[in-house]
Amino acid sequence: MPATMSRASSLRRGEATIGAAVLAAYLGCSPEVQAVVREMIEIINSDESEPEDLNAAVNTLCEALWPLKAAEIRATDESLCASEEMTRVAASLHAEHEAFSGRVRSLMSERGVSQEQLAKAAGITQPAVSNILNRNCRPQRRTVARFAAALGVHPEELWPHGE
């Protein structure tokens, strides 16, 4: 890597490489497998998906796109998740989510807004709000923005660093 390449541009290049690999695998699949992949992506992108559903969708996605490498991908994932760096990252993400949940709960209390009211204003279901506030799933950026709009604050007040 050239000395002038920043960590951020290196990450973007890595993301682009991963995206290209996923697209190539998808395009190489039969229409039936592509339909399964699209279903799994919907589950992964849904604010209402439970953690178990997300895990199952990711595993199915790996099996569908790389049937001969799925076991290797899962083993690598498990190894990475057990690393010290990943443990630190997970702790940081947990703290961010905990702070977000606390900010939202505080603003809801100040404004007398119920979970049902927030859900309606944000265009999601009350169980999805509950899952997010109880840290069972991370909100997507658009959900943070919707919560912020519903509570009358800037998204950065809820989730600093733009998620």
Side-chain angles (χ1 to χ4, degrees), residues 8 11-12 14-23 25-27 29 31-66 70 73-74 77-78 80-82 85-163:
L11 287 173
R12 281 191 301 273
E15 290 168 358
T17 301
I18 291 168
V22 170
L23 181 59
Y26 173 80
L27 293 173
C29 294
E32 295 81 12
V33 173
Q34 287 180 355
V36 170
V37 168
R38 287 191 302 273
E39 287 177 31
M40 296 307 105
I41 290 171
E42 285 181 28
I43 292 169
I44 292 166
N45 285 332
S46 173
D47 289 331
E48 297 181 26
S49 294
E50 299 287 334
E52 301 82 29
D53 296 333
L54 291 172
N55 191 36
V58 169
N59 286 333
T60 302
L61 197 59
C62 286
E63 281 288 338
L65 294 175
W66 301 284
I73 291 168
R74 280 193 292 276
D77 181 55
E78 289 171 9
L80 287 173
C81 288
E85 181 179 2
M86 195 58 86
T87 301
R88 283 192 302 277
V89 169
S92 173
L93 292 174
H94 176 78
E96 286 177 356
H97 197 174
E98 189 170 3
F100 166 80
S101 177
R103 286 186 198 100
V104 171
R105 286 180 188 278
S106 177
L107 287 167
M108 288 172 63
S109 177
E110 287 173 17
R111 289 162 172 71
V113 175
S114 69
Q115 285 188 13
E116 266 188 6
Q117 291 168 323
L118 180 61
K120 185 175 182 179
I124 62 175
T125 65
Q126 181 277 322
V129 171
S130 178
N131 279 329
I132 290 168
L133 294 180
N134 290 319
R135 298 184 312 276
N136 293 327
C137 64
R138 284 175 60 86
Q140 296 180 355
R141 288 180 191 188
R142 67 177 181 231
T143 305
V144 173
R146 289 175 182 174
F147 278 20
L151 295 168
V153 298
H154 190 276
E156 289 277 324
E157 290 182 50
L158 297 181
W159 200 297
H161 315 300
E163 199 198 7

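What you see below is based on every heavy atom in this structure, not just the backbone, and it leaves out hydrogens, waters and symmetry mates.
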Is there side-chain contact between [X] and [Y], with heavy atoms separated by less than 4.5 Å?
| X | Y | result |
| --- | --- | --- |
| Glu52 | Asn55 | no |
| Phe147 | Val129 | yes |
| Ile132 | Val104 | no |
| Arg141 | Trp159 | no |

Shortest non-hydrogen contact between [X] and [Y], atoms and distance:
| X | Y | result |
| --- | --- | --- |
| Gln115 | Ser130 | OE1-CB, 3.4 Å |
| Pro160 | Arg103 | CD-NH1, 3.4 Å |
| Val37 | Ala64 | CG2-CB, 3.9 Å |
| Tyr26 | Gln34 | O-NE2, 2.9 Å |
| Trp66 | Val22 | CH2-CG2, 3.6 Å |
| Pro51 | Asn136 | CG-O, 2.8 Å |

Between [X] and [Y] (side chain of the first, backbone of the second, donor and acceptor by atom type, cut-off under 3.5 Å), is there such a pair?
| X | Y | answer |
| --- | --- | --- |
| Glu157 | Ala148 | no |
| Arg138 | His97 | no |
| Ser49 | Leu54 | no |
| Ser106 | Gly102 | no |

Exercise. Side chains of Asn131 and Glu50: do they bring a donor and an acceptor to under 3.5 Å?
Worked result: yes
For this session: Taking atom types as modelled, find out whether Glu116 and Gln126 have a side-chain donor-acceptor pair closer than 3.5 angstrom.
Result: no
Rounded to the nearest 0.5 Å, how far apart are [atom1] of [X] and [atom2] of [Y]?
| X | Y | atom1 | atom2 | answer |
| --- | --- | --- | --- | --- |
| Arg142 | Asn45 | CZ | CG | 6.5 Å |
| Leu151 | Arg111 | CG | CZ | 6.0 Å |
| Ile43 | Ser46 | CD1 | OG | 8.5 Å |
| Glu96 | His94 | CD | NE2 | 11.5 Å |
| Asp53 | Met40 | CG | CE | 9.5 Å |
| Leu118 | Arg105 | CG | CZ | 11.0 Å |

For this session: Go through the structure and list residues passing side chain to side chain donor-acceptor pair (under 3.5 Å) with Thr125, not counting sequence neighbours.
Result: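 Thr125 satisfies side chain to side chain donor-acceptor pair (under 3.5 Å) with no other residue.
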